Amino acid sequence: MTSYSSASNKGKLRQEIWATLKAQNAVKRDPVGHIPNFIGAEAAAERLATHPVWQQAQVIKCNPDSPHKTVRLNALKAGKLLYMAVPRLSRKKCFVQLSAADLEARNIPLSDAANMRGAMIHGRLVAFYEMQSIDLVVVGCVAASASGGRTGKGAGYADLELAMLSEFGLVQPDTPIVTTVHSLQVVPAEQLPMQTHDWALDYIVTPEKIVPTNHRYPKPQGIDWDSLQPEQIKKIPILRQLRAQHSAQNGIVDS
């Protein structure tokens, strides 16, 4: 693969990964523009479930993408409390809470609630102050490196979700962050240089193995307002609210 020395070239890397996965028939549908729904996603989820970091976690935050449906289902089956981000953070209450006890009491199959659409229908939208501290975070990646680097689809939602959760004390500096990916999505470290607002991976899980990254990158603390684009604040309701609160607390007059 081509070497990418700048974070601005993550877009090129994403295009290359999508093309490689498609050419190798390693995905269930066209991956372009998506977190790839890779062949072996279920096996990777099962492998993750064997690791102590999963088994010890009681509260899990997982992304809503298709390749992580089995991760979400396994969390529910294991009796864990599951939080899923609302796609594109389009609600002020931008997380959905799911638990097996609640779903079973309402005769809702866990497999239905593990789907993104089913989660939005059957889960409970929650605000940050209603959430419990998170023991394990599962993020979606287009590419990941064994040194902890990652990139998603390019919109920055995963890092933003983690920044907000950190802001409210729901994610700690030592909260493990993992991903499940196809082996073709794992790239050399130099292709995914870390930036200050990036959240590094602690584990990469493929259908074949679990890779601890043993990275030494400090995890960001809260929202880096200077790194956000005006368009992000405009499109994400909770960001507008938090921005207004941040400005009021710090005597900032927004233009």
Side-chain angles (χ1 to χ4, degrees), residues 35 48 51-65 68 71-72 74-76 78 80-99 119 123-141 144 147-153 155-181 192 194-205 212-228 232 236-239 241-243 245-246 249:
I35 300 297
L48 170 60
H51 197 281
V53 77
W54 171 273
Q55 295 170 351
Q56 294 164 10
Q58 295 302 309
V59 183
I60 290 179
K61 181 264 179 190
C62 187
N63 59 298
D65 300 284
H68 293 97
V71 173
R72 297 190 295 272
N74 284 349
L76 293 172
K80 302 178 190 296
L81 184 64
L82 176 65
Y83 292 118
M84 185 192 83
V86 172
R88 294 179 294 281
L89 301 174
S90 58
R91 310 278 186 93
K92 277 191 176 181
K93 291 188 174 185
C94 56
F95 284 88
V96 178
Q97 177 178 296
L98 297 154
S99 73
R124 182 170 74 93
L125 290 172
V126 290
F128 291 108
Y129 66 84
E130 299 174 282
M131 298 172 67
Q132 295 185 29
S133 182
I134 293 165
D135 300 319
L136 177 66
V137 174
V138 183
V139 297
C141 293
S147 63
R150 64 167 297 277
T151 185
K153 295 175 287 190
Y157 288 115
D159 287 335
L160 186 53
E161 290 162 16
L162 287 165
M164 290 191 292
L165 291 168
S166 173
E167 187 93 14
F168 284 86
L170 298 167
V171 165
Q172 307 301 323
D174 60 350
T175 303
I177 300 175
V178 310
T179 192
T180 64
V181 292
L192 283 173
M194 295 289 291
Q195 295 179 293
T196 55
H197 63 273
D198 290 337
W199 290 72
L201 297 167
D202 295 295
Y203 297 92
I204 299 170
V205 184
T213 65
N214 299 313
H215 72 83
R216 295 184 179 180
Y217 298 111
K219 290 179 180 174
Q221 297 182 357
I223 300 169
D224 180 358
W225 291 105
D226 292 335
S227 73
L228 294 181
Q232 288 178 297
I236 301 174
I238 187 61
L239 269 189
Q241 178 181 325
L242 294 176
R243 176 66 174 180
Q245 293 173 357
H246 171 79
Q249 290 168 1

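Everything numeric here is computed off the predicted structure, so don't read it as measured data. Worth knowing before you read on, the calculation uses all heavy atoms, side chains too, and leaves out hydrogens, waters and symmetry mates. Starting from 1, each residue takes its place in the sequence as its number.
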**OP:** Please determine if Arg150 and Asp159 form a salt bridge, counting it only when a charged side-chain N lies under 4.0 Å from a carboxylate O.
**Re:**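 Salt bridge flag = yes for Asp159 with Arg150.
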**OP:** Look at Arg72 together with Asp65 and state whether they make a salt bridge at an N to O cut-off of under 4.0 Å.
**Re:** no
Subject >> Steps toward side chain to side chain contact (heavy atoms under 4.5 Å, CB included) verdict (Val138, Lys61) >> reply: CA-CA 6 Å; Val138 183; Lys61 181 264 179 190; over 6 Å; no
Identify the heavy atoms of [X] and [Y] that sit nearest to each other, and give their distance.
X: Trp54; Y: Val71; value: CH2-O, 3.4 Å
X: Ala75; Y: Leu82; value: CB-CD1, 4.3 Å
X: Cys62; Y: His68; value: SG-CB, 3.8 Å
X: Glu167; Y: Gly222; value: OE1-CA, 3.2 Å

Do [X] and [Y] have side chains that approach each other closer than 4.5 Å (heavy atoms only, starting at C-beta)?
X: Gln132; Y: Leu81; result: yes
X: Leu239; Y: Met164; result: yes
X: Tyr203; Y: Thr179; result: no
X: Phe168; Y: Leu242; result: yes
X: Lys93; Y: Glu130; result: yes

**OP:** Examine distances only and state if a side-chain atom of Lys219 and a backbone atom of Ser166 form a donor-acceptor pair shorter than 3.5 Å.
**Re:** no
Subject >> Residue among Leu192, Ile35, Leu201 satisfying side-chain contact (heavy atoms from CB on, under 4.5 Å) with Cys141 >> reply: Leu201
Subject >> Trace of the side chain to side chain contact (heavy atoms under 4.5 Å, CB included) decision for Phe95 with Met131 >> reply: CA-CA 9 Å; Phe95 284 88; Met131 298 172 67; 3.9 Å; yes
Subject >> Partner residues of Asp135 under the side chain to side chain contact (heavy atoms under 4.5 Å, CB included) criterion, sequence neighbours left out >> reply: Ala57, Gln58, Val59
**OP:** Mind running side chain to side chain contact (heavy atoms under 4.5 Å, CB included) on Val86 and Val96 for me, showing each step along the way?
**Re:** CA-CA 6 Å; Val86 172; Val96 178; 4.0 Å; yes
Original post:
When you look at Leu48 and Val178, which way does the side chain to side chain contact (heavy atoms under 4.5 Å, CB included) test go after all the steps?
Top reply: CA-CA 9 Å; Leu48 170 60; Val178 310; 4.2 Å; yes
